[in-house]
Novice: 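One structure, as structure tokens, below. Some questions next.
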Amino acid sequence: MPATDTETLPRAVNAWFRANARELPWREPQCSAWGILVSEFMLQQTPVARVLPQWHAWLERWPTPAALASVPPGEAVRAWNRLGYPRRALWLHACAVAITEKHGGVVPADVDELLALPGIGPYTARAVAAFAYGVRVPVVDTNVRRVLARAVGGQAEPGPPSATRDLAAMSAVLPLDEDEARVFNAGAMELGAIVCTARAPRCGDCPLASVCSWRLAGYPAYDGPRRAVQKKYEGSDRHVRGLIMRELRAAHMPVTDAELSALWPDEAQFGRALAGLLADGLAVREGAGYVLP
DNA sequence: TATACGTGGCT
DNA sequence: TAGCCAAGTAT
């Protein structure tokens with residue numbers, strides 16, 4: 001029988017999670033809310049394995065929001081190194097400043113207050129509230145969307161993201177008990193991350209195998225709208241931005257136009273990339289060249 | 001709602 | 001090899 005009631009899923013997922021959760025530093029009970037916030041920024045579109053060493057270094061250097069807020073944003077961008085999407089470093093720094101100035105240096109526990117901070121959207125706000133403070137709110141990321149689409153919806157893949165629909169779907173199965181809700185939020189994400197994966201799901205290891213609607217229906221293929229294919233990175237504007245940022249991070253004095261433009265042969269494309277970085281605040285003009293902010 | 005935004009590992 | 005994929009956010 002498929003898991004149509006609201007107790008089967010959390011019971012199975014939570015038992016599985018309590019026995020199989022990866023030991024990650026931001027899941028340790030003594031981890032600070034700041035440590036959890038930092039992990040959520042780093043984990044946006046980035047695999048755990050690449051985040052781990054960066055997270056340790058970051059927390060050692062800046063153990064509190066105030067510590068990060070006390071240095072220029074460029075230091076955050078430099079320390080971010082090659083984690084990707086360097087705007088996240090800028091936003092995390094801006095977040096630290098806002099927390100220091102408007103929240104007395106304490107990471108807020110309220111979803112709406114978190115949402116008002118730079119770089120924090122619907123997922124991160126709820127993740128911080130739930131995992132750092134135990135607040136009972138639905139946390140929905142790409143893993144949760146996939147788990148619910150399969151186990152409950154009987155579909156191979158979730159449809160296009162819709163905050164309203166996705167939060168409602170999670171709310172419908174979220175335990176009333178605060179602690180069970182926190183574990184279910186984390187457990188559903190973990191299940192999607194290591195068992196109910198996008199490709200080659202390991203149904204043999206899944207605690208929901210016997211109740212999964214998708215499996216019970218015989219694994220019907222997905223027939224909904226396909227997600228747009230990711231553009232090729234090689235030769236893209238993003239590629240050029242990445243090259244420029246790598247140069248700026250390595251430099252400790254202004255990098256000249258000539259030095260930067262030598263990175264890419266297509267002048268027009270290079271100009272677009274540099275202008276974009278300036279507009280984003282990831283690079284600033286200084287004297288004869290460019291530096292991190 | 002669709003698109004831009006890094007980087008690297010895996011198949 | 002080329003493409004797919006990874007705990008999203010902002011516009």
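A, B, ... follow the sequence lines: proteins, then strands. Residue 1 opens every chain.
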Novice: Arg249(A) versus Met245(A): any side-chain heavy-atom pair under 4.5 Å?
Specialist: yes

Novice: Between dC5(B) atom C1' and Gln45(A) atom CD, what is the distance in whole Å?
Specialist: 9 Å

Novice: Which parts of residues 113-131 of chain A get close to DNA chain C, meaning a heavy atom less than 4.0 angstrom away?
Specialist: Pro118(A), Gly119(A), Ile120(A), Gly121(A), Pro122(A), Tyr123(A), Thr124(A)

Novice: Between Leu83(A) and Pro161(A), who's closer to the 5' end of DNA chain B by nearest nucleotide?
Specialist: Pro161(A)

Novice: Answer with base, sugar-phosphate or nothing: what part of the nucleic acid does Lys232(A) contact at a heavy-atom distance below 4.0 Å?
Specialist: nothing

Novice: Between Trp26(A) and Trp55(A), how do the two ring planes meet: parallel, tilted or perpendicular, split at 30° and 60°?
Specialist: perpendicular

Novice: With a 4.0 Å cut-off on N to O distance, would you call Glu75(A) and Arg61(A) a salt bridge?
Specialist: yes

Novice: In whole Å, measure the gap between the P atoms of dA7(C) and dT11(B) for me.
Specialist: 15 Å

Novice: Using a cut-off of strictly less than 4.0 Å between a heavy atom of the residue and any atom of DNA chain C, enumerate the qualifying residues of residues 12-30 of chain A by number.
Specialist: Arg22(A), Leu24(A), Trp26(A), Arg27(A)

Novice: Do any pairs count as a side chain to side chain donor-acceptor pair (under 3.5 Å) and have a residue in residues 161-170 of chain A, sequence neighbours left out, and if so which ones?
Specialist: Arg145(A)-Asp166(A)

Novice: With rounding to whole Å, what would you report as the distance between dG8(C) and dT1(B) at their C1' atoms?
Specialist: 16 Å

Novice: Heavy atoms under 4.0 Å, any strand shown: does Phe41(A) hit a base, just sugar-phosphate, or nothing?
Specialist: nothing

Novice: Any ring-ring contact (aromatic ring centres under 6.0 Å, His included) pairs touching residues 132-162 of chain A, not counting sequence neighbours?
Specialist: none

Novice: What distance, rounded to whole Å, do you find between the two C1' atoms, one in dG6(B) and one in dA6(C)?
Specialist: 12 Å

Novice: Please state the C1' separation for the pair dG8(B) and dT1(C) - nearest whole angstrom.
Specialist: 16 Å

Novice: Quick one: side chains of residues 149-156 of chain A, donor-acceptor pairs under 3.5 Å with protein atoms, not counting sequence neighbours, listed by atom name and distance.
Specialist:
from: Arg150(A); atom 1: NE; to: Ala156(A); atom 2: O; distance (Å): 2.8
from: Arg150(A); atom 1: NH1; to: Thr197(A); atom 2: O; distance (Å): 2.9
from: Arg150(A); atom 1: NH2; to: Ala156(A); atom 2: O; distance (Å): 3.4
from: Arg150(A); atom 1: NH2; to: Thr197(A); atom 2: O; distance (Å): 3.3
from: Arg150(A); atom 1: NH2; to: Ala198(A); atom 2: O; distance (Å): 3.3

Novice: With a non-hydrogen cut-off below 4.0 angstrom, is Arg145(A) in contact with a base, only sugar-phosphate, or nothing?
Specialist: nothing

Novice: Contact class for Pro160(A) vs. all strands (heavy atom < 4.0 Å): base, sugar-phosphate, or nothing?
Specialist: nothing

Novice: Just to be sure I understand the rule, does Arg272(A) reach a base, reach only the sugar-phosphate, or reach nothing, if contact means heavy atoms closer than 4.0 Å?
Specialist: nothing

Novice: Is there side-chain contact between Leu208(A) and Leu191(A), with at least one heavy-atom pair below 4.5 Å?
Specialist: yes

Novice: In residues 63-73 of chain A, what donor-acceptor pairs under 3.5 Å come from side-chain atoms, sequence neighbours left out?
Specialist:
from: Thr64(A); atom 1: OG1; to: Ala67(A); atom 2: N; distance (Å): 3.1
from: Ser70(A); atom 1: OG; to: Ala67(A); atom 2: O; distance (Å): 2.7

Novice: Chain A on DNA chain C: first and last contacting nucleotide, 5' to 3', under 4.0 Å to a heavy atom?
Specialist: dC4(C) to dA10(C)

Novice: Taking only residues at least two apart or on different chains, which pairs with a member in residues 111-124 of chain A satisfy side chain to side chain donor-acceptor pair (under 3.5 Å)?
Specialist: Glu40(A)-Tyr123(A), Gln44(A)-Thr124(A)

Novice: List in chain and number order the residues that pass side-chain hydrogen bond (donor to acceptor under 3.5 Å, both in side chains) with Asp280(A), two or more places apart in sequence or in another chain; answer none if no residue qualifies.
Specialist: Arg241(A)

Novice: If only side-chain N and O atoms count, and only distance matters, is there a donor-acceptor pair under 3.5 Å linking Arg146(A) with Asn143(A)?
Specialist: yes

Novice: Extract from the structure each pairing of a protein N or O with an N or O of nucleotides 8-11 of chain B at less than 3.5 Å, listing the distance.
Specialist:
from: dG8(B); atom 1: OP1; to: Arg82(A); atom 2: NH1; distance (Å): 2.8

Novice: Any pair with a residue in residues 267-279 of chain A that passes side chain to side chain donor-acceptor pair (under 3.5 Å), sequence neighbours left out, goes on the list, sorted by first then second residue, please.
Specialist: Asp237(A)-Gln269(A), Asp237(A)-Arg272(A), Trp264(A)-Gln269(A)

Novice: Pick the closest DNA chain B nucleotide for Gly242(A) and for Ala228(A) by heavy atoms, then say which residue is nearer the 5' end.
Specialist: Ala228(A)

Novice: Does the ring of Tyr290(A) carry Arg285(A) above it, NZ/CZ under 6.0 angstrom from centre and within 45° of its axis?
Specialist: yes

Novice: Taking only residues at least two apart or on different chains, which pairs with a member in residues 66-105 of chain A satisfy ring-ring contact (aromatic ring centres under 6.0 Å, His included)?
Specialist: Trp58(A)-Trp80(A)

Novice: With a non-hydrogen cut-off below 4.0 angstrom, is Thr197(A) in contact with a base, only sugar-phosphate, or nothing?
Specialist: nothing

